[in-house]
Amino acid sequence: MDRITLALDGSTYEGSVALIRGSVVIAERTLKDEGAASARGGRGERLLPAIAECLDEAGTKRDHISGIVCGSGPGSFTSLRVAGSVAKGLASGYGVDLYAVSSLLLSVTGAQPPLPLGEYLSVLDAMRGEFYAARIFVSPEPTIPAAQAEAPAIISRQQLEDVQVTEREVKVVGPGQFIDVNPHARGAAPLLEGILAAGPVDLSSWEPDYGRLAEAQVRWEAAHGRKLTT
């Protein structure tokens, strides 16, 4: 039987789940964007039923899942934290490895219809008038159909507008952008060979790449004049 992989992403308020057999998506769900209040109160509660629906649709069982892939961010702190916790809990409970993939990459590879070959700037809202951004190259190479050329950076709205004006060959991808898409778990399918080759994360220590500190932590550190340690 081909490998069954469960993929999920929670880098935005619109989370997603996909079930992949080999490198083919056999079931997927997109969680409706219901804003920050929903992320705080019920994202985990909605992820688990979505996973169950995918398993039922694909006619398979959780015992058949041989690995889990989770979008690693950057993105919404709360949504990433919930999705990461669900992914780690399921990996531990199922006794399988957990793998991580950039959520900025999942915006490009998860787009429908598939994006043509070329260079893209994948962005996600970082709040405060800023964006998380990374350049993504879509290539004809079947084993590496898309690659993130750099670590995510935080850029200003003006910097984003400058790219759109001065680098017209680079298409901007992201929620509300020229190519209006969210990261999606189905984007793990074409990347799966490379994701698995990179190896699993350490379940005991892995955390998503939040991109920046949570607003509550920023306010606490400003009020107390010192770093918050956990």
Side-chain angles (χ1 to χ4, degrees), residues 7-18 30-31 33 35-36 38-40 43-44 47 68-88 98-111 115 119-138 146-161 163 170-188 191 194-195 198 201-202 205-219 221 227-228 230:
L8 58 154
D9 182 80
S11 55
T12 69
Y13 294 136
E14 184 178 283
S16 58
V17 173
T30 301
L31 305 182
D33 182 353
S38 174
R40 287 193 296 269
R43 173 56 52 78
L47 273 172
I68 296 175
V69 174
C70 185
S72 62
S76 163
F77 184 93
T78 303
S79 297
L80 279 171
R81 192 179 187 98
V82 170
S85 295
V86 169
K88 290 173 72 173
L98 174 63
Y99 301 82
V101 62
S102 167
S103 297
L104 290 167
L105 192 52
L106 293 180
S107 289
V108 174
T109 58
L115 299 180
E119 181 180 352
Y120 298 86
L121 182 67
S122 182
V123 301
L124 289 170
D125 185 14
M127 304 180 69
R128 309 175 194 170
E130 295 177 321
F131 297 87
Y132 302 118
R135 291 178 184 263
I136 310 291
F137 293 88
V138 176
Q148 184 170 309
E150 57 198 1
I154 296 178
I155 63 173
S156 67
R157 187 176 302 277
Q158 184 60 57
Q159 289 174 301
L160 178 59
E161 293 174 355
V163 170
V170 179
K171 301 296 187 293
V172 179
V173 176
Q177 301 302 320
F178 178 79
I179 300 176
D180 186 5
V181 294
N182 283 287
H184 201 287
R186 61 173 169 257
L191 302 170
I195 292 172
V201 302
D202 179 3
S205 62
W206 179 78
E207 291 290 339
D209 172 16
Y210 298 113
R212 65 180 359 148
L213 298 178
E215 290 293 326
Q217 183 172 346
V218 172
R219 291 194 296 270
E221 291 182 353
K227 295 289 186 181
L228 176 65
T230 59

- Message: Quick one, Leu121 and Val173 - any side-chain contact, counting heavy atoms below 4.5 Å?
- Response: no
- For Lys88 and Trp206, indicate whether the former's side chain and the latter's backbone hold a donor-acceptor pair under 3.5 Å. yes
- Query: Does the pair Glu130 and Ser156 meet the rule for a side-chain hydrogen bond (donor to acceptor under 3.5 Å, both in side chains), with working shown?
  - Reply: CA-CA 4 Å; Glu130 295 177 321; Ser156 67; over 6 Å; no
- Message: For Ala134, is there any backbone N or O sitting under 3.5 Å from a side-chain donor or acceptor partner on Ser122?
- Response: no
- Query: Are any side-chain N or O atoms of Ser103 and backbone N or O atoms of Gly73, one a donor and one an acceptor, separated by less than 3.5 Å?
  - Reply: yes
- Message: Under the rule for side-chain hydrogen bond (donor to acceptor under 3.5 Å, both in side chains), what residues qualify as partners of Glu150, not counting sequence neighbours?
- Response: none
- Item | Gap separating the CD atom of Gln159 from the CZ atom of Phe131, nearest 0.5 angstrom | 11.0 Å
- Donor-acceptor pair, side chain of Tyr132 and main chain of Tyr210, under 3.5 angstrom: yes
- Message: Once side-chain hydrogen bond (donor to acceptor under 3.5 Å, both in side chains) is applied, do any residues pair with Arg135, and if so which ones, sequence neighbours excluded?
- Response: Glu119, Glu167
- Task: Look up atom OG in Ser16 and atom CG in Leu106, then write down how far apart they are to the nearest 0.5 Å.
- Result: 7.5 Å
- Item | Verdict with reasoning, Tyr99 to Cys70, per side chain to side chain contact (heavy atoms under 4.5 Å, CB included) | CA-CA 6 Å; Tyr99 301 82; Cys70 185; over 6 Å; no
- Note on the structure: Distance col, row Leu124:CG vs Leu104:CG, nearest 0.5 angstrom, shows 5.0 Å
